[in-house]
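Working notes, structure below.
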Amino acid sequence: MSTRRGALLLLAATPLVLRAEPVPAIVQQVRQRLAEAPVVRGEFEQRKTVKGFRNPLLSRGDFLVARERGVFWHTREPFASTLVLTRERLLARGADGSVSTRLDAREEPGLRSLNELLFALMATDLALLNQRFRIAGELAGAEGWKLQLTPRDAAVAQWVAGIELEGERHVRSVRVAEAQGDLSLIRFSAITTANVLTREEAARFD
């Protein structure tokens with residue numbers, strides 16, 4: 001996921017304080033429609049509109065979400081890069097394999113909070129998202145749903161103004177409006193699920 005280094009550092013430095021927020025009825029209804037699987041794979045297309053630039057930035061790739069291990073985000077176009085999130089670290093690599101960003105939980109105490117937030121977004125963990133966002137939305141048809149997320153606390157609000165999620169059994173699109181005016185729309189496709197990672201997939205988190 002193309003995320004600004006400054007935003008990552010800001011969130012990593014901010015402890016995630018879980019509050020007993022009431023769970024809206026729409027959250028409970030959407031959770032009933034979502035498919036829960038230990039492993040989710042798929043492809044993405046991200047269109048990012050940067051404030052001050054006429055043409056949006058387009059990127060494509062594939063992703064892997066393993067609830068017990070982490071998130072692997074592989075951008076293929078226009079430039080190859082990878083982002084690996086585990087409970088212990090955040091690691092971003094460029095096309096040549098060189099490390100561009102590395103955050104370690106032993107050095108960054110708030111890294112677990114950052115990972116929890118990103119995991120929650122990628123895995124659609126609505127219970128956790130409800131701790132940092134006010135959630136509203138509506139059901140659409142027999143399986144569809146839409147949610148609007150507004151930050152509850154100032155730390156998240158410095159990075160994002162709002163998030164919109166849309167899907168059925170799985171999330172199909174994520175729209176992130178950043179506080180500085182940039183806008184990202186991520187669409188997911190070719191989604192498949194599994195109970196366990198392949199050996200090759202598991203190695204990506206080592």
Side-chain angles (χ1 to χ4, degrees), residues 1-3 8 11-12 16 18 23 27-46 59-77 80-95 97 99 101-105 111-133 135 137 142-147 149 163-176 184-206:
M1 190 178 301
S2 74
T3 311
L8 293 173
L11 289 174
L16 178 60
L18 297 181
V23 179
V27 170
Q28 298 174 348
Q29 293 167 341
V30 170
R31 287 173 67 179
Q32 294 176 354
R33 295 192 172 193
L34 283 167
E36 293 189 5
V39 178
V40 180
R41 312 179 183 99
E43 300 175 0
F44 73 87
E45 178 181 279
Q46 177 172 343
S59 60
R60 297 184 177 90
D62 52 77
F63 70 92
L64 170 68
V65 178
R67 292 181 182 274
E68 297 301 320
R69 298 296 301 274
V71 176
F72 181 81
W73 189 264
H74 181 198
T75 300
R76 297 183 182 277
E77 302 174 9
S81 66
T82 60
L83 175 66
V84 179
L85 288 165
T86 70
R87 290 180 174 81
E88 302 299 332
R89 65 189 173 112
L90 180 152
L91 183 65
R93 295 183 181 274
V99 176
T101 302
R102 184 196 300 271
L103 294 174
D104 191 292
L111 179 58
R112 291 182 186 275
S113 299
L114 166 66
N115 285 5
E116 284 182 347
L117 185 59
L118 295 180
F119 284 165
L121 188 59
M122 287 297 298
T124 326
D125 186 340
L126 298 179
L128 184 55
L129 288 173
N130 188 57
Q131 305 304 317
R132 278 207 165 182
F133 295 89
I135 302 179
E143 296 185 346
W145 51 267
K146 298 178 181 179
L147 294 177
L149 282 61
I163 299 174
E164 295 180 5
L165 304 176
E166 186 173 346
E168 299 98 19
R169 296 287 288 168
H170 303 282
V171 177
R172 292 297 179 179
S173 68
V174 177
R175 183 180 183 274
V176 181
S184 293
L185 176 61
I186 308 171
R187 297 189 183 278
F188 301 106
S189 61
I191 297 174
T192 61
T193 62
N195 290 324
V196 295
L197 293 167
T198 66
R199 181 177 301 179
E200 179 183 359
E201 289 172 339
R204 297 173 183 174
F205 298 104
D206 294 335

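Bear in mind that the values here come from a model prediction, so they are computed numbers and not experimental data. Residue numbers count from 1 along this sequence.
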Sequence-distant partners of Glu77, salt bridge (charged side-chain N to carboxylate O under 4.0 Å, His left out), two or more places apart: Arg60
Residues that Glu36 engages under side chain to side chain contact (heavy atoms under 4.5 Å, CB included), provided they are two or more places apart: none
Test side chain to side chain contact (heavy atoms under 4.5 Å, CB included) applied to Ser81 - qualifying residues, sequence neighbours left out: Thr75
Ring geometry between Phe63 and Phe188 (parallel below 30°, tilted from 30 to 60°, perpendicular above 60°): perpendicular
Within 6.0 Å of CZ in Arg172, more than 12 heavy atoms from elsewhere: yes
Pairing residues for Arg187 by the side chain to side chain contact (heavy atoms under 4.5 Å, CB included) criterion, not counting sequence neighbours: Ser173, Leu185
Salt bridge (charged side-chain N to carboxylate O under 4.0 Å, His left out) against Glu166, all qualifying residues, sequence neighbours excluded: none
Nearest-0.5 Å distance, CH2 of residue Trp73 to CG of residue Asp62: 9.5 Å
Set of residues satisfying salt bridge (charged side-chain N to carboxylate O under 4.0 Å, His left out) with respect to Glu143, sequence neighbours excluded: none
Less than 3.5 Å apart, which donor and acceptor atoms pair up between the side chains of residues 189-198 and the rest of the protein, not counting sequence neighbours?
from: Thr198; atom 1: OG1; to: Glu201; atom 2: N; distance (Å): 3.1
from: Thr198; atom 1: OG1; to: Glu201; atom 2: OE1; distance (Å): 3.4

Closest approach of Ile163 to Leu165 (non-hydrogen atoms, all atoms of both residues): CG2-CD2, 3.9 Å
Rounded distance [0.5 Å steps], CG in Leu34 versus CD in Gln29: 12.5 Å
Spacing of Leu64 atom CG and Glu200 atom CD [to the nearest 0.5 Å]: 10.5 Å
Closest non-hydrogen atom pair between Phe44 and Gln46, with its separation: CD1-N, 4.0 Å
Nearest-0.5 Å distance, OG1 of residue Thr124 to NE2 of residue His170: 9.5 Å
Inter-residue atom distance Phe72.CZ - Leu83.CG, 0.5 Å rounding: 9.0 Å
Under the side-chain hydrogen bond (donor to acceptor under 3.5 Å, both in side chains) test, residues paired with Arg69 that sit two or more places apart: Asp206
Results of salt bridge (charged side-chain N to carboxylate O under 4.0 Å, His left out) for Arg175 - residues two or more places apart only: Glu164
Partner residues of Ala80 under the side chain to side chain contact (heavy atoms under 4.5 Å, CB included) criterion, sequence neighbours left out: Ala95
Arg67: partners by side-chain hydrogen bond (donor to acceptor under 3.5 Å, both in side chains), with sequence neighbours left out: none
CZ-CG distance between Phe133 and Leu147, expressed to the nearest 0.5 angstrom: 12.0 Å
By ring pair (Phe, Tyr, Trp, His ring centres under 6.0 Å) - contacts of Phe205 (at least two apart): none
